[in-house]
Asks: 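Have a look at this one.
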Protein chains: 2
Amino acid sequence: MTEPRRKPPTMKDVAAHAQVSLSTVSYVLNDSGPVAPERRQRVLDAVRVLNYMPNESARKLKRRSPFTIGMIVPDLTNQFFAMVTEGVQKAASARDVLVVLVAPAAAEQPEEKQAQLLRRQRVDGVVYLSGTGSLPAAIHEIARSGPIVLVDEKIPGTGLPAIVAESRKGARAVAAHVLEQGHRNVAVIGGPMALWTARQRLAGYREAFAGAGLDPDAVPVIAGDYQQESGQRIAAELLAADPRPTALICANDLLAIGAMEHCREVGLRVPEDVSIVGFDDLPLSRLLTPRLTSVSQPAREMGYRAAQALFELLDAGEVGPVADLPTTVNLRDSVCPPQEST
Amino acid sequence: MTEPRRKPPTMKDVAAHAQVSLSTVSYVLNDSGPVAPERRQRVLDAVRVLNYMPNESARKLKRRSPFTIGMIVPDLTNQFFAMVTEGVQKAASARDVLVVLVAPAAAEQPEEKQAQLLRRQRVDGVVYLSGTGSLPAAIHEIARSGPIVLVDEKIPGTGLPAIVAESRKGARAVAAHVLEQGHRNVAVIGGPMALWTARQRLAGYREAFAGAGLDPDAVPVIAGDYQQESGQRIAAELLAADPRPTALICANDLLAIGAMEHCREVGLRVPEDVSIVGFDDLPLSRLLTPRLTSVSQPAREMGYRAAQALFELLDAGEVGPVADLPTTVNLRDSVCPPQEST
DNA sequence: CACTGCATCCGAAACGTTTCACTAGTGTCC
DNA sequence: GGACACTAGTGAAACGTTTCGGATGCAGTG
């Protein structure tokens, strides 16, 4: 069944077969030196017949230029993260660089171990996709292994490059939409305030509130952890108020889904009794009933840009300021004007 | 901003700092030779103060034993695949092996390139998560880079080790459940018949049909590609029949979701007008309205087992026969007895 | 004391690349 | 015709490990 598996051919084999020196082979393989067309062809042929593949380990041992990057993602099961990851992979594979993926949630390993893993691999840089957790601790340990670019997160103090979407603007827009429908008694389910996105979104909501003549400080806000379960819990808390809020503005889709679940449980209709909006626009959100109104971020694009920024940082040592990516609000069925109660 | 970044310390530095030879350091680092306790401590200390991390590239260049495996996954956005991936990662990180992830969909690269990537990295083996595509072509190219274990797929001819769930049994059970509700006019939306799972599930359905006294050959079956869109299209086709089927049995959740979408579009109620069941039990399926009845497979476990099987294969050269993993059918709201029509 | 055996330790040769420094060969120009 | 600048090609030294074979010291034998 399993063949004896002989060891793969090396450059030396190629050189021998093509009757040239080792260095010549290397030169043609990466265009790094002059070689006569006739000989070049000889080695190309040899490569073909031997089915030669360069040994990346050996290469990496010598090279300087970036050929593998690390990526840290909190949770692959979250579609948003998955899409960002795809974006990164795409950008990387276009440049033939390898990305080593660290998914801590899956491995339940402490962040310290992740950092070690990355350093052992001598990754040239890392893309850090910020998640539900706190990061400051890990970030600096990781920064030892190379340049970092953040995705979907910004850390104010440090000047770390970050690729983010216009969270604030999108948040303002979606909140404004809710208010335009006539809602005055609204509440917010926020994200973890340690995260930039959570703070930005909240700020955006408050801008919209102020713009509509509401007192932002009067609007109840409870922060969750961006997970469905906490959305469910917080919705229960918020909807217990009297008078009951007619709209719940959620800082991400998972929270919104949790809120919808809670409504389903207690028999509140969405949107007739409670309007709900989310953020992220996960693919699954449009499958819900009612289909969730949400703000979409260009997840793949963010991943792609992040990788590009990292390459730029690696090549040039500096990365030009990147514009925040646009968000768009997708109006669907989970919002309607508040119904006259009784 | 970016510090000058000096090159990381090497074993030589450690050796110098601890006043021992290079080889001694190597010995203590991997317990591969005798060294006096006092000296051992010296190098351990040196490692600590220098914050030394072994260079994996250099290691891999020398070593024989498996320290990196490859994983091919069709589409990270699919939660089922994401969960399997997490399982693999977990098993791998427990053994300190690196997994290099190839996600073709993201990179739109031909399968040939994936195989190359893996070979360049000299992966010791690969776990292949079969997806929507056809595989036979790629498989053999990939097999050159090392042993393979398949997940969620079996290729009959070859004796390739495979980790799968009891698709057939699960399929039979869920179909039986539908029939028990009294449905007699049912139809099947199948998966791509090139895939083992699709064939197994269909076989399971047919067993159930026969068991309930139906003629399996009389039940309409149309094969889709396991994607939502084709579920939608096929549902339209199937439901156009007269009399209209009262239940749609779908080979995976995405197809089922597509079918539900179609029903929503044309105003058919689920489950009153059409009962629908799926397969895979994606996390999102229980969020739908109605919540989808589906067969769940232990995705993470499958990934975990696959990685373990690969290690076994690598260590022992052979892998003991693995039992198919159990499936369970989750009864929810998308099935009810057929309603008397007019 | 010469010999063996054991426990530690070390030097040096790989592993498969890249790349610097150098040689040979060709043609140009005064 | 010799100095010169090129071009094409080579040899060999790295890169950071692992590991084999041999040194070294020292205890215990005969």
Side-chain angles (χ1 to χ4, degrees), chain A residues 6-44 46-47 50-68 96 98 116 119-124 145, chain B residues 6-44 46-47 50-68 96 98 116 119-124 145:
Chain A
R6 54 186 158 287
K7 45 190 308 193
T10 81
M11 269 186 48
K12 185 155 37 161
D13 299 328
V14 175
H17 191 279
Q19 318 234 56
V20 294
S21 89
L22 213 53
S23 16
T24 305
V25 177
S26 175
Y27 287 144
V28 1
L29 255 35
N30 11 303
D31 280 352
S32 48
V35 27
E38 186 262 350
R39 305 194 124 220
R40 146 173 268 105
Q41 193 51 51
R42 279 226 305 274
V43 351
L44 256 22
V47 164
L50 296 184
N51 202 315
Y52 166 79
M53 277 280 122
N55 181 328
E56 283 303 326
S57 301
R59 281 191 126 192
K60 228 163 96 186
L61 196 51
K62 293 285 315 178
R63 289 254 199 166
R64 306 219 123 280
S65 40
F67 274 104
T68 117
D96 263 314
L98 180 73
Q116 284 188 6
R119 285 187 56 208
R120 293 162 75 106
Q121 295 300 329
R122 296 293 192 272
V123 295
D124 305 285
S145 47
Chain B
R6 51 186 162 284
K7 45 192 309 195
T10 81
M11 268 186 48
K12 187 157 32 163
D13 300 327
V14 175
H17 190 278
Q19 318 234 53
V20 295
S21 88
L22 215 55
S23 17
T24 305
V25 177
S26 175
Y27 288 145
V28 2
L29 256 36
N30 14 301
D31 280 353
S32 47
V35 27
E38 186 260 352
R39 308 194 121 225
R40 146 173 268 105
Q41 194 51 52
R42 279 227 304 275
V43 349
L44 255 23
V47 164
L50 297 184
N51 202 314
Y52 167 78
M53 277 279 124
N55 181 326
E56 284 303 327
S57 301
R59 280 191 127 190
K60 227 163 95 189
L61 195 51
K62 292 284 318 178
R63 289 253 197 166
R64 306 217 121 279
S65 42
F67 275 102
T68 117
D96 263 314
L98 182 72
Q116 284 189 6
R119 285 187 57 210
R120 293 161 75 105
Q121 296 300 328
R122 296 294 193 269
V123 294
D124 306 286
S145 46

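Here is the naming used below: chain letters follow the sequence lines, and residue numbers restart at 1 for every chain.
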Asks: Using every non-hydrogen atom in the two residues, find where A:L61 and B:A58 come nearest and quote the distance to one decimal.
Replies: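 Closest approach of A:L61 to B:A58: CD1-CB, 3.7 Å.
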Asks: One pair to check against side-chain contact (heavy atoms from CB on, under 4.5 Å): B:V28 and B:V47. What are the steps and the verdict?
Replies: CA-CA 11 Å; B:V28 2; B:V47 164; over 6 Å; no
Asks: To 10°, what angle do the rotation axes through the five end pairs on each side of the helix from C:dC1-D:dG30 to C:dC30-D:dG1 form?
Replies: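 The two end axes of the helix from C:dC1-D:dG30 to C:dC30-D:dG1 meet at 70°.
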Asks: Let me see the working for A:H17 and A:V14 under side-chain contact (heavy atoms from CB on, under 4.5 Å), right down to the final yes or no.
Replies: CA-CA 5 Å; A:H17 191 279; A:V14 175; 5.8 Å; no
Asks: For B:A18, does its backbone N or O pair with a side-chain atom of B:R42 as donor and acceptor, under 3.5 Å?
Replies: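 Answer holds: yes.
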Asks: On DNA chain C, nearest-nucleotide positions of B:S21 versus B:R122: which is more 5'?
Replies: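 Result of the comparison: B:S21.
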Asks: How would you give the extent of chain A contacts on DNA chain C, as first and last nucleotide 5' to 3' within a 4.0 Å heavy-atom cut-off?
Replies: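 Range of nucleotides touched by chain A: C:dG16 to C:dC20.
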Asks: Using a strict 4.0 Å threshold on nitrogen-to-oxygen distance, state whether B:K60 and B:D124 make a salt bridge.
Replies: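 No, this pair does not count.
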Asks: For side-chain contact (heavy atoms from CB on, under 4.5 Å), just list the numbers for B:T68 and A:Q121, CA-CA rounded to whole Å, side-chain angles, deciding distance to a tenth of an Å, and then say yes or no.
Replies: CA-CA 11 Å; B:T68 117; A:Q121 295 300 329; 6.0 Å; no
Asks: If I compare all heavy atoms of A:L22 with all of A:M11, which pair ends up nearest, and what's the gap?
Replies: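 Heavy-atom minimum between the residues: O-CE, 3.3 Å.
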Asks: Name every residue in residues 22-37 of chain B that has at least one heavy atom under 4.0 Å from any atom of DNA chain C, in order of residue number, or write none if there are no such residues.
Replies: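 Within this stretch, B:S23, B:T24, B:Y27, B:P34, B:V35, B:A36 sit under 4.0 Å of the strand.
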Asks: Please walk me through it: do B:L98 and B:E56 pass side-chain contact (heavy atoms from CB on, under 4.5 Å)?
Replies: CA-CA 10 Å; B:L98 182 72; B:E56 284 303 327; over 6 Å; no
Asks: Between B:M53 and A:R120, what is the shortest heavy-atom contact and its length?
Replies: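 Where B:M53 meets A:R120 most closely, the heavy atoms are SD-CG, 3.7 Å.
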Asks: Tell me the closest heavy-atom pair linking A:P9 and B:R122, and the distance in Å.
Replies: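 It is O-NH2, 3.9 Å.
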